[in-house]
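Here the structure comes first, spelled out in structure tokens, and everything after it is commentary.
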Amino acid sequence: MKKTLINFSKYFIIFLLISIFAFPVFSDETISENTETNVEEIAQTTAPQDIEFLEEPIIDIFDPAFESFTLQEKLLLLRDIFPHKAYWNSRGYDGEIASYLNVAHQSCAHNEGKYYCNTYNGKTRDFFPWANNIQCLGFASMISDFLFGKDAKFESFYDYEKLDVGDHIRLTQATHSMIVIEKKADYIKVVECNSNYNNCFINWDREISKEDLMQNSGDYIFFKRIP
């Protein structure tokens, strides 16, 4: 009974926060979906004409209130804060300091530069000290730190069988990062940002087969957080 009440309280907190800071709804007609299973294929997305942007970040994911949440509860919260088909950037933000918590409805438009890209400097700097921590790497680093804690260390590996939910996948030749959100014997699902290398598009639930992921030896490295 006590466990049931605790779980109910957690979901009530999520519902309450999201109800207070609801993110504006946007239509499937304005942004095309990236659901390709080939990890090297570049998908095309179309940005809406009007900029809609939340003036301030809706929820600080590193609030101590979320530390007791389970992995799945944290992923559920992330889905609402960083919605599928939105953009992890600060385009249209008119506040004083842009934040990695910013989410917009319009593309970064990297052909115009990378000025609007969000930045997150997390624990992955230990492995990528030369990186600018924007786009896919910054997004994956932020999610990893939230799921396991900013101080959790990394260990690298290459064995698909050891891959778990929350692990960071880095495609070394394709220079792309993703976080595993579901693991099966023959496929995974990921959350990622900027998979088309052009606009910081946020994509949830892209399915990648084990065969597609593992076919290019040396093109990937997996990272697991450890206490």
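The closest side-chain heavy-atom distance from Tyr160 to Ile188 is below 4.5 Å. Residues Met178 and Leu171 are in side-chain contact: their nearest non-hydrogen atoms beyond the backbone lie under 4.5 Å apart. Within the 4.5 Å cutoff, side-chain heavy atoms of Leu163 are placed close to those of Phe157. Contact annotation: the side chain of Tyr197 never approaches that of Gln135 to less than 4.5 Å [non-hydrogen atoms, C-beta and beyond]. When side chains are defined from C-beta on, Asn102 counts as touching Ser99, because their heavy atoms get closer than 4.5 Å. Proximity of Glu192 to Phe139: side-chain heavy atoms (C-beta onward) are nowhere separated by under 4.5 Å. Two residues are said to be in side-chain contact when any heavy atoms from C-beta on lie closer than 4.5 Å; Leu71 and Leu147 meet this criterion. With contacts defined as side-chain heavy-atom distances shorter than 4.5 Å, the pair Asn203/Val191 does not qualify.
Taken to the nearest 0.5 Å, the CZ atom of Arg79 stands 12.0 Å off from the CD1 atom of Ile202. Atom CG of Asp186 is separated from atom CG of Asp212 by 11.0 Å, given to the nearest 0.5 angstrom. In this structure, NZ in Lys150 is found 11.5 Å from CE in Met142, a value given to the nearest 0.5 Å. To the nearest 0.5 Å, atoms CD1 (Ile169) and OH (Tyr220) are separated by 10.5 Å. Atom-to-atom distance recorded for Leu76:CG and Glu73:CD is 8.0 Å, nearest 0.5 angstrom. Rounding to the nearest 0.5 Å places CG of Leu77 at 8.0 Å from CD1 of Ile61.
If you chain together hydrophobic residues whose side chains sit under 4.5 Å apart, Ile59 and Leu101 fall into the same group. Ile134 and Tyr115 are not part of a single hydrophobic cluster, where members link through side-chain heavy atoms under 4.5 Å apart.
The two residues Thr119 and Tyr100 make their nearest non-hydrogen contact at O-CB, 3.4 Å. Heavy atoms only, all atoms of each residue included: Asn89 and Cys117 are closest at CB-CA, 4.4 Å. A pairwise comparison of heavy atoms in Ser144 and Ile179 identifies CB-CD1, 4.3 Å as the closest pair. The two residues Pro83 and Val103 make their nearest non-hydrogen contact at CD-CG1, 4.1 Å.
In this structure, the side chain of Tyr87 does not engage the main chain of Asn194 through any donor-acceptor pair within 3.5 Å. Using a distance-only test at 3.5 Å, with no hydrogens or angles considered, no donor-acceptor pair links the side chain of Asn199 to the main chain of Cys108. Of the possible polar contacts, none joining the Asn198 side chain to the Ala109 backbone as a donor-acceptor pair under 3.5 Å is found.
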Evaluation steps, side chain to side chain donor-acceptor pair (under 3.5 Å), between Thr124 and His168: CA-CA 10 Å; Thr124 51; His168 180 154; 5.8 Å; no
Side chain to side chain contact (heavy atoms under 4.5 Å, CB included) assessment of Leu137 paired with Ser177: CA-CA 5 Å; Leu137 181 58; Ser177 286; 3.6 Å; yes
Check against side chain to side chain contact (heavy atoms under 4.5 Å, CB included), Lys189 and Trp204: CA-CA 8 Å; Lys189 288 185 179 181; Trp204 285 86; over 6 Å; no
Side chain to side chain contact (heavy atoms under 4.5 Å, CB included) assessment of Phe62 paired with Glu67: CA-CA 8 Å; Phe62 293 106; Glu67 290 179 357; over 6 Å; no
Stepwise ring pair (Phe, Tyr, Trp, His ring centres under 6.0 Å) check, Tyr158 with Phe222: CA-CA 6 Å; Tyr158 300 89; Phe222 305 144; 7.3 Å; no
Side chain to side chain contact (heavy atoms under 4.5 Å, CB included) between Val190 and Ile208, worked out: CA-CA 8 Å; Val190 301; Ile208 305 172; 4.2 Å; yes
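By the 6.0 Å contact criterion, CD on Glu155 is enclosed, its count of non-hydrogen atoms from other residues, nucleotides or ligands being greater than 12. By the neighbour-count criterion of 12 heavy atoms within 6.0 Å, atom CG of Asp63 is densely surrounded, having more than that number from other residues, nucleotides or ligands.
Evaluation of the salt bridge (Lys or Arg N to Asp or Glu O under 4.0 Å) test over residues 112-133, restricted to residues two or more places apart or in two chains, returns Arg91-Glu112, Lys123-Asp126.
Residues Asn118 and Ser90 have side chains that bring a donor and an acceptor to within less than 3.5 angstrom of each other. Under 3.5 Å, the side chains of Ser195 and His176 contain no donor-acceptor pair of N or O atoms. Of the N and O atoms on the side chains of Tyr187 and Glu182, at least one donor lies less than 3.5 Å from an acceptor on the other residue. There is a side-chain donor-acceptor pair under 3.5 Å between Tyr120 and Asp145.
Partner of Asp167 under the salt bridge (Lys or Arg N to Asp or Glu O under 4.0 Å) criterion, chosen from Lys162, Arg225, Lys224, Lys183: Lys224.
Phe66 and Phe69 have perpendicular rings, their planes meeting at more than 60° on a 0 to 90° scale where under 30° would count as parallel.
Cation-pi geometry between Lys74 and Phe146 is met: under 6.0 angstrom from the ring centre, within 45 degrees of the axis.
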